[in-house]
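Reckoned from all heavy atoms, side chains included, excluding hydrogens, waters and symmetry mates. Letters A, B, ... mirror the listed sequences (proteins, then strands); counts begin at 1.
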There are 2 protein chains.
Amino acid sequence: MHPTLLERLQQQRGYRLTAQRRVVAQVLEGENLHLTADEVLSQAEAMLPEISRATVYSTLQQFVDMGQLLELSLDGRSRRYDPNIDPPHHHLICTECDGVFDVAHNVAAPDAGDGLEIESAQIIYRGRCTDCA
Amino acid sequence: MHPTLLERLQQQRGYRLTAQRRVVAQVLEGENLHLTADEVLSQAEAMLPEISRATVYSTLQQFVDMGQLLELSLDGRSRRYDPNIDPPHHHLICTECDGVFDVAHNVAAPDAGDGLEIESAQIIYRGRCTDCA
DNA sequence: CCGTGGTTTGGACTTTGTCCAAAGTCGGAC
DNA sequence: GTCCGACTTTGGACAAAGTCCAAACCACGG
């Protein structure tokens, strides 16, 4: 099994793993979990009532900047966060239940030619998930 | 050349092509244009000052529902609209200038297996555009 | 010319995210 | 053990983006 987000954070040096950061990391953990920042906030409040919105937002941003958390823009309305960075994968949005599902990364990131410098490619599929199909 | 958004809308039956809808369509038209709803609103106001925000938002949504306009979720904050639906293509976000660029669709939409029913695949590349690279 | 249904309007409202100054907390130096 | 400085958190105000709704408007068929 791959190390969890929390375990990966514990390896980071020069970085205080405060109670707030631990709670945010714990809330995010899980297979096929793609929470919004506000969902993270409410679940974090259940574990640590005095945590503030600003902390959750900035902590999420830090995890993303550290490369330990994936930020997804799926609906143009909110951002979702995926703690599973390894192995790389893509996402399916079910047109029926609106759920977000991990999809195996079984395709080489296609090059786009034309002198562009591609750093990463993210694929968003739309269709029906296994439950709805 | 492919028909423009406005030309395609004129073909639609059972649909009133009002002044407001025509203005929205005209504003969107263009190569490599990826406007946000508020950008569409300000440009539409220049042509038709009494147009309202609600109309622009609902008109954009209608065009998307008709399949005549592509909605992009690139930054989790706002939505952008692309009138060029044919030929299909993908998008690059330049990490340097933050611009959005069309990228040729030169890759077969990969299947994702596992009994999923894929309807469409959208690829978002991150990297540097030809100007910045 | 009237009624009907689709369309637009303005404005209030919600959601999501950002910013900032003040307060709190941790770890190392001494 | 205590103190200092740097890092972290907090609450609240603010901003941006989008939604909702009742009333007004308008176009067309009858």
Residues in residues 59-70 of chain B with a heavy atom under 4.0 Å of DNA chain C, by number, are none

Between Leu28(B) and Leu33(B), does the side-chain contact (heavy atoms from CB on, under 4.5 Å) criterion hold? Intermediate values first, please.
CA-CA 7 Å; Leu28(B) 284 166; Leu33(B) 213 51; over 6 Å; no

Here the distance between atom P of dG17(C) and atom CG of Leu35(A), to the nearest Å, is 13 Å

Between Arg77(B) (CZ) and dT15(C) (P), how many Å, whole number?
15 Å

Would you call Arg53(B) and Asp38(B) a salt bridge, taking side-chain N to carboxylate O under 4.0 Å as the test?
yes

Can you pull out the residues from residues 14-24 of chain A that lie within a 4.0 Å heavy-atom distance of DNA chain D?
Arg16(A), Thr18(A), Gln20(A), Arg21(A)

Rounded to the nearest 0.5 Å, what's the gap from NE2 on His90(B) to CG on Leu72(B)? Could you check?
11.5 Å

Other residues, nucleotides, ligands: >12 heavy atoms within 6.0 Å of Glu50(B) CD:
yes

Does Pro3(B) offer a backbone N or O that forms a donor-acceptor pair with the side chain of Arg8(B) under 3.5 Å?
yes

N/O donor-acceptor pair under 3.5 Å between Asn32(A) side chain and Asp102(A) backbone
yes

Treating Arg126(B) as the side-chain partner and Thr95(B) as the backbone partner, does any N or O pair qualify as donor plus acceptor under 3.5 Å?
no

Please answer whether the main-chain N or O of Pro83(B) pairs with a side-chain N or O of Glu29(B) as donor and acceptor at a distance below 3.5 Å.
no

Going by number, which of residues 36-51 of chain A have a non-hydrogen atom under 4.0 Å from DNA chain C?
Ala37(A), Asp38(A)

Calculate the interatomic distance between Tyr57(B) atom OH and dA16(D) atom P; express it in whole Å.
12 Å

Between C1' on dT16(C) and CG on Asp75(A), what's the gap in Å once rounded to a whole number?
11 Å

Look at Arg79(A) and dA17(D) and indicate whether a side-chain polar atom (N or O) is within less than 4.0 Å of OP1 or OP2.
no

Can you list the steps and then say if Thr18(B) with Thr59(B) is a side-chain contact (heavy atoms from CB on, under 4.5 Å)?
CA-CA 11 Å; Thr18(B) 63; Thr59(B) 299; over 6 Å; no

Is any side-chain heavy atom of Arg79(B) less than 4.5 Å from a side-chain heavy atom of Leu60(B)?
no

Below the 4.0 Å mark, does dT8(C) have OP1 or OP2 next to a side-chain nitrogen or oxygen of Thr55(B)?
no

Quick check on the hydrophobic clustering: are Ile85(B) and Leu92(B) connected, directly or via other members, by side-chain heavy-atom contacts under 4.5 Å?
no

